[in-house]
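Remarks on the structure that follows.
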Amino acid sequence: MKYIPQTEQDRSEMLKVVGVSSIDQLFQDIPEKFRLPHKLDYPMALSELELRRHFQNLVSNSPRDLLSLAGCGIYQHDIPSSVSFLLQRSEFATSYTPYQPEVAQGSLQCIFEYQSLACQLTESELSNASLYDGATSLGEAALMAIRIKKKSEGKILVSSALHPFYKQVLNTYCEDFLDRFVEIPTLEDRLDLQFVEKNLSGADLLITQSPNLFGCVEDYSQIAKFKRDSSVLWITSTMEALSFGVLRGPGAFGADIVTAEGQSFGNHPYLGGSTFGIFCTKQEYLRNLPGRLVGETKDEDGRRAFTLTFATREQFIRRGRATSNICTNNNLNMLAGLFHMVCLGKSGLQEIAEQNLSKAEYLKSKLRSIGGIRVSSQPTFNEFVVETSSAASSLLDRGLTEGVVLGVDLGKFEEKWKHKLLVHASEIHQKQDLDRVVDLFQKVSR
Amino acid sequence: MITPEGVRSILTHEEELVFEKSKSGRSGYSLPALDVPKVSPQSCLPENQIRTDGANFPEISENEVIRHFTRLSQKNCAIDLELYPLGSCTMKYNPKINEEMAGISQFRSLHPLWPQKLLQPALAVQFQLQDLLCRVTGLGAVTLQPSAGAHGEYVGIKMMRAYHRAKGQEAKKTKVLIPESAHGTNPATCTMVGYEIVSIPTHPSGVVPLEDVLPLIDENTAGIMMTNPNTLGLFESNIPEISKKLKEVDALFYMDGANFNAILGISLPGELGVDIMHINLHKTFSTPHGGGGPGAGAVAVRKDLAAFLPAPIVHQVGDHFEWKENIENSIGRVGGYFGNFSIQLRALAYMLSIGTTPNNQSTYLRKISEAAVLNANYIRARLKNHFKIPFDRICMHEVLLSDELQSEYGIKTQDIAKRLMDYGYHPMTVYFPLVVAGAMLIEPTESESKQSIDRFCEAMIKIAEEAKQNPEIVRTAPHHSFRKRVDELLAQKQPRLRW
């Protein structure tokens, strides 16, 4: 077995040193009737060549060269080759949590740089080392805010334009507080701001997402004005972190906890996992923060060094009184995000965000000229809702026959959205792709 | 012979922060020219929300990006460089074929919200992985949604609560029993789910004796959470009886499977009486730990508990696969999409390569556990005359030492760990479990050869000698790492958490 270096001779020498006569003796603590026979109902071991055949066989019927306009929380972007190259460095991939700073300065400095960039991106004061993904970050944010509000029993206002999977995770995490939840209705796919204004006093938490499920950019400057006179803790969620290339970070509007899905930076879709969750907040909530945190310090010789810090919030020290149970997170996905952000730099971030905006606006303008198609007139970033008289699911089916995924059918979440197709365009879509999509819409809307 | 000089690092580049390297006008990225009309943010986005500063990201060229992060990588220990004996972390070798399989572009580009007929390869992977996990746990159903071990614990304990709710017993079932030696995530998880924790003290034998645990079980007990083998490296041989007693009060047995690598193909948790367990795919099934994840924390349960699993679960329907969304008493969704699929791919590749041996007499699963357990016992035998072994008996896949003998010379676990760096090793897990003062938990895994283990033992024995003869060199270690001892207190006193 190529993964086990022990030889027969090694084994007998080692058993002798241990002072037992057989391997089986090492398992004597397992009650005999619970020890399995050597055989197990399990498939034959595959060699490398067989494995390759097995996996290639699994994907053999996958469509190739599919043109996809699916977004809704997971986006396909252009990832620089440097990102994949750096991720293969064994020193990043095959190390573990940097509990021993003297031999983990690589990981630690990377996390420190990531924390800094996450703060800059979201215009926040403080970032942790990242969490699992955008949805669980929102769940953790709600639990953190409820902890900060202690015994208060105020309402928890939640946007009804929140991605349904995020809503489901939020419901799971906040199971004991669901009676305090109040849904904020939408008007034309954006939050009903009058409702927000009216209900803010007496509320503990306000949870919003922008761009929201329908791709619309919410009016955060207006919410910021309402919030000024209340004691509400405002939590924001963002599915497309690349939107911060053209949109102010929620921190700039006074959001207390800013969460986002980080996938667009450096991570392929992979069925939605693994990705990483951006989690930022204000300095004053430092001790309430879930997850790891890296700080700058010095070594004995006075040289700059980095280390995990404020660990007394965490489960391995605080146990039952920790701010979260999180231990292993999605560090390598965060590193992919860091590498990508650094490659982009200031001008790259701006350019890629503007290209996304331009492609989506181009597609919008072309679709608007087709009769029978309604295109959202709200401000959007790189995805928007298209409505026709036929169900979105049938549009999708028609598109698939020509090798195009026209978007995400929001009707799969809620019956009332069955005419809404969420369409996404990014830097990877060429003009000819978008024109092909327009032709398809022309055909199917006839 | 192993000496610090023999492993002295060449990695001495001082590396600035990326922000300090930035120079206006540089970039490490290129895009094609825009082929549609350029739209300015001002023309379509709310004016007071527009941003034009590019988030002030640092500006460096591609070659500088590569050099910066390659240099930083060289300041890390890693399994691909040397034995990495972190106890309870199972730092085994991560086969490269698994990376290749996970890198297949048709998997990489799968969008979670595509129509299911386009996702069949992914569903097939998940279905097969669920099946193999059932076979190695002896349990009837599996969810792959949790992103890590602690996330799996959260799912498992939530399910415990949902089970009692379905029986109308939620208000009464308020307590979960947890041994003192447990990972911190266990009590933290129970608090998150809303359970009161009853601590089971550690017995001198190292395993939980029936007479200690039985009196703690009463009608308010929702369940027990036990790591097996436990964090002292010992098999909890009373699990079947404990489980039986729990059944009498309709309480559930949760097994923390962090240490599953010791009993693969040797014992089935389902047969021991375990009702729910999580499996750290990244530990037992060998996916790279990534400096702290991504992991994957699959949860396996007794067949009749499947109704509480987080939705969706993959089912086979005729010749294709479907996600079953409506699960009767499901605890709900716990993660954005369908778990850490990129990790599930690697775990499946590994699980397929460690199956039944060609002669059909055994499994490589079993051989892996045997080798891991033999390696740990060999370390115990070689070090027992040099270090205190608090529970000196046959151990499973990890061995626990303490600094009791070295304390006589003023040398603590911390010092031994730092000195180990000078010999080229990442230290073992230190000061855990908390129930043993100055604990050092060593898990070699099956990936190490006898020569490799001998070298490690020689280094440990040398450090034990140095502690007697030249304690100063141990107390002031490390001397050869990129950084000398790092001041962790200063980081907290003068917090500097971003650039």
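So that the names make sense, note that chain A is the first sequence line, chain B the second, and so on, each numbered from 1. Values below: every heavy atom of this structure, side chains too, minus hydrogens, waters and symmetry copies.
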Excluding sequence neighbours, so at least two apart, what forms side-chain hydrogen bond (donor to acceptor under 3.5 Å, both in side chains) with A:Thr328? A:Tyr96
Mind checking side-chain hydrogen bond (donor to acceptor under 3.5 Å, both in side chains) for A:Lys431 and listing every partner two or more places apart, or none if nothing turns up?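 Scan of A:Lys431 (side-chain hydrogen bond (donor to acceptor under 3.5 Å, both in side chains), adjacent residues dropped) gives A:Asp435.
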Okay, B:Leu86 and chain A: the region with an atom under 4.5 Å from a heavy atom over there is side chain
Name the region of B:Thr357, side chain, backbone, both or neither, that has any atom closer than 4.5 Å to a heavy atom of chain A. backbone
Are [X] and [Y] packed together at the side-chain level, in the sense that at least one heavy-atom pair is separated by less than 4.5 angstrom?
X        : Y        : value
A:Phe253 : B:Gln49  : yes
A:Leu400 : B:Pro115 : yes
B:Ile104 : A:Gln56  : yes

I'd like to know if the side chain of [X] pairs up with that of [Y] as donor and acceptor (distance under 3.5 Å, no hydrogens or angles considered).
X        : Y        : answer
B:Asp53  : A:Gln350 : no
A:Gln100 : B:Lys418 : yes
B:Ser73  : A:Arg89  : yes
B:Asn76  : A:Ser107 : yes
A:Ser274 : B:Asn340 : no

Measure distances from A:Leu58 to the heavy atoms of chain B and classify the residue's part below 4.5 Å as side chain, backbone, both or neither. both
Is B:Arg483 paired with A:Glu300 through a side-chain N to carboxylate O contact shorter than 4.0 Å? no
Distance to the ring centre below 6.0 angstrom and angle to the axis at most 45 degrees; does that hold for B:Arg333 and A:Phe165? yes
